[in-house]
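Report on the following structure.
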Amino acid sequence: MSDSARNLNQIVKKLHEVDNVFKFGEKMIPVIEGFVSFISDFIPFVEQVSGSIQDTRSKIPEASSKLDKVTNATELAMTEVLDKIDEINEQLENINECMDNLVEKRESTAILLENLKEKIIGNVEANEILDSINKNIDFGLSLEMVKNKIREITASTDQITMSLQVQDITAQQLAAVNHLIISVQHKLGGLLNAVDSANFDGEDDLAMEKLPDVHFDANATYNPGENQQGEVDSIVSSEKASQEEIDKLFS
Amino acid sequence: MERKFLVVDDSVTMRRIVVNTLKTIGYSEYVEAEDGKDAIDKLNTDMGINFVITDWNMPVMSGLELTKAIRSDDRTKGLPILMVTTRGIKEDIVQALQAKVSNYVVKPFTPQILKDKIDLILSN
């Protein structure tokens, strides 16, 4: 075959290919039209989603601020409770002091009565009165009961004080939630930028709240019944022992 | 020797609880700080402080950073430091011990636990 015939064959082949492309194009036109129509329908939806995201995002600072207010309010309330506990403890201390004074006075009165007894030997009537007085001032048992009650109340106030540590733990949990929702705000901001940055009204909208520093324990839990300290102590002991072994090796 | 405690915690409630516990167990001298940086300032101005009780999670400067700062300063490196925190997992405890805390208490604690740890540190 000559070169010109070979070239003609190639041209015919290419024309067939072009023809196939046109035929494929014809088939694709309805698909493309459908796609364009879909996109046209989709744009309002995207705008709606964008609006919802922006709306949600704008509410986050308020939610975050409310969480902070909850933490502050509970801290204030806890301070008031601790003030009351201090007052109760102070009063209990005063009662204890009064009790001690009472015991001292009873003891000195008992000594005086004993002296008196020696001076009224033989006087039956006076001795009977003395016995009655002795019985009246024998309130040792009642004193002990009151002291026991004071100890019980003190133990209860100690328990309340311990339970109030829950405030610090919940404050850390709230801080963790706060951090999470501000992170969501940042993510939504990024999403909005990607969807349609023109939807932002101005610079203020773009200025997202800065992610707060992490100064909370997200895993903080209140488990007063568990022997958590015992577990901590055993870790501390074993770690300190290991460190001592290492120190010995290097000394 | 008269003990003067530096109680470091960003929570007012926790500072109050620690201070009340200290009073209950017989220690009445204390200074409060709301974060690690505030604690450093207090240590620089009050030479009478000879025991530090610190939380871990605090803004500005954490208890762990405070511990490292205290241990790296010749004037304060010998101070007893008791870490009182919610962080109870082994990795955290090891990290605190590596920073040279004297002992470690997990919240919530009882007055007895705090007393035992203070006594233990002082006896060493």
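Everything numeric here is computed off the predicted structure, so don't read it as measured data. Letters A, B, ... are given to chains in the order of the sequence lines, protein chains preceding strands, and every chain is numbered from 1.
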Does Leu112(A) have more than 12 heavy atoms from other residues, nucleotides or ligands lying within 6.0 Å of its CG?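 Correct, the count exceeds 12.
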Quick one, Phe51(B) and Ile53(B) - any side-chain contact, counting heavy atoms below 4.5 Å?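 Touching, per the 4.5 Å side-chain cut-off.
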Side chains of Leu76(A) and Val12(B) in contact at under 4.5 Å (non-hydrogen atoms):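 No, side chains not in contact.
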Chain B and chain A: which donor-acceptor pairs fall below 3.5 Å?
from: Ser11(B); atom 1: OG; to: Glu75(A); atom 2: OE2; distance (Å): 3.4
from: Val12(B); atom 1: N; to: Glu75(A); atom 2: OE2; distance (Å): 3.1
from: Thr13(B); atom 1: OG1; to: Gln167(A); atom 2: OE1; distance (Å): 3.0
from: Arg16(B); atom 1: NH1; to: Asp83(A); atom 2: OD1; distance (Å): 3.0
from: Arg16(B); atom 1: NH2; to: Asp83(A); atom 2: OD1; distance (Å): 2.5
from: Arg16(B); atom 1: NH2; to: Asp86(A); atom 2: OD2; distance (Å): 2.9
from: Asn20(B); atom 1: ND2; to: Asp86(A); atom 2: OD1; distance (Å): 3.0
from: Asn57(B); atom 1: ND2; to: Phe216(A); atom 2: O; distance (Å): 3.4
from: Thr86(B); atom 1: OG1; to: Asp217(A); atom 2: OD2; distance (Å): 2.9
from: Ser102(B); atom 1: O; to: Lys240(A); atom 2: NZ; distance (Å): 2.5
from: Tyr104(B); atom 1: O; to: Gln229(A); atom 2: NE2; distance (Å): 3.1
from: Val106(B); atom 1: N; to: Gln229(A); atom 2: OE1; distance (Å): 2.7
from: Lys107(B); atom 1: NZ; to: Asp168(A); atom 2: OD2; distance (Å): 2.6
from: Phe109(B); atom 1: N; to: Gln165(A); atom 2: OE1; distance (Å): 2.9
from: Phe109(B); atom 1: O; to: Gln165(A); atom 2: NE2; distance (Å): 2.8
from: Lys117(B); atom 1: NZ; to: Asp233(A); atom 2: OD1; distance (Å): 2.9
from: Lys117(B); atom 1: NZ; to: Asp233(A); atom 2: OD2; distance (Å): 3.1

Could you tell me which portion of Met14(B) (side chain, backbone, both or neither) has an atom closer than 4.5 angstrom to a non-hydrogen atom of chain A? side chain
Once rounded to the nearest 0.5 Å, what's the spacing between atom CG of Leu188(A) and atom CD1 of Ile181(A)? 11.0 Å
Might you point out which heavy atoms bring Leu64(B) and Ala99(B) nearest each other, and give the distance in Å?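 Closest approach of Leu64(B) to Ala99(B): CD1-CB, 3.8 Å.
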Which heavy-atom pair separates Ile40(B) from Ala69(B) by the least distance, and what is that distance?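 Result for this residue pair: CD1-CB, 3.7 Å.
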